[in-house]
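As structure tokens, the structure follows; a few thoughts come after it.
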Amino acid sequence: MSPKGFNRAVLLAAGGFYLLNRLVLTHTVSGPLGWFLSCYANDIFAGAAIAAWSDLLFRLGRLPPIRSWRQTFPLLLACGFVWEVAAPLWKPGAVFDPWDFLAYQAGALLWLTGQHRTG
């Protein structure tokens, strides 16, 4: 699979999982797995999707592709800062959760692992 195809597959999988999780899984799965699906699973997929989307945009702009943790870490840290620190300042109901930062990074690590295996 080409890197471009891999990125598209990750974006489709992340979007599909988000819908499945939001509409079905969080309402039917209970216990620790239900808690994880409700709190962090979407954030892991979001980390992978952000890395995939960024890599597609870099390639479109003919910039070097994302290939290392040194590139994904600051990107996901900045995204996490906006969603976890800045968003609660203007969005009622938004809360700060420091574990979400780790979930975003875990998703990017999964994406990097898959990206290295495809190309």
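As the structure is a computational prediction, the values presented were derived from the model and not from experiment.
- Connection of Trp90 to Phe81 is not established within any shared hydrophobic cluster, with ILVMFWY side chains joined at heavy-atom distances below 4.5 Å, either directly or through further cluster members.
- With hydrophobic clusters built from ILVMFWY side chains whose heavy atoms lie under 4.5 angstrom apart, Trp99 does not share a cluster with Val95.
- Note that OG1 of Thr26 and CG of Leu20 are 9.0 Å apart. Values are rounded to the nearest 0.5 Å.
- Not a single donor-acceptor pair under 3.5 Å links the side chain of Asp55 to the backbone N or O of Ala51.
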Could you go through Ile44 and Phe17, starting from their C-alpha distance and side-chain angles, then the distance that decides it, and tell me whether this counts as side-chain contact (heavy atoms from CB on, under 4.5 Å)?
CA-CA 11 Å; Ile44 291 172; Phe17 178 80; over 6 Å; no
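- Nearest heavy atom pair, residue Asp43 against residue Ala103, reads CB-CB, 3.6 Å.
- Each of Leu57, Leu56, Ile50 was scored for a side chain to side chain contact (heavy atoms under 4.5 Å, CB included) with Ser54, with one residue passing: Ile50.
- The structure places NE2 of His116 at 10.0 Å from CZ of Phe6, a figure rounded to the nearest 0.5 Å.
- Side-chain atoms of Thr28 come within 3.5 Å of backbone atoms of Val24 as a donor-acceptor pair (strictly under, hydrogens ignored).
- If you chain together hydrophobic residues whose side chains sit under 4.5 Å apart, Phe45 and Leu25 fall into the same group.
- No continuous path of hydrophobic side-chain contacts links Leu102 to Val85 [ILVMFWY only; heavy atoms under 4.5 Å].
- Side-chain N or O atoms of Glu84 include none that pairs as donor or acceptor with a backbone N or O of Phe96 at under 3.5 Å.
- Put simply, CD1 on Ile66 and CD on Gln115 are 8.5 Å apart, with the number rounded to the nearest 0.5 Å.
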Using atom types as modelled, flag every donor-acceptor pair under 3.5 Å from a side chain in residues 71-78 to any protein atom, sequence neighbours excluded.
unit_1 : atom_1 : unit_2 : atom_2 : d
Gln71  : OE1    : Arg67  : N      : 2.6
Gln71  : OE1    : Ser68  : N      : 3.0
Thr72  : OG1    : Trp69  : O      : 3.3

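- Residue Leu109 is grouped with residue Trp111 when hydrophobic side chains (ILVMFWY) are merged at heavy-atom distances under 4.5 angstrom, including chains of intermediate members.
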Going through the distances and angles, do Trp53 and Val10 end up as a side-chain contact (heavy atoms from CB on, under 4.5 Å)?
CA-CA 9 Å; Trp53 181 249; Val10 167; over 6 Å; no
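- Using a 30° and 60° split on the angle between ring planes, Tyr40 and Trp35 fall in the perpendicular class, above 60°.
- To the nearest 0.5 Å, atoms NZ (Lys4) and CG (Leu60) are separated by 7.5 Å.
- Under the 3.5 Å distance criterion, the side-chain polar atoms of His27 are left unmatched by any main-chain donor or acceptor of Asn21.
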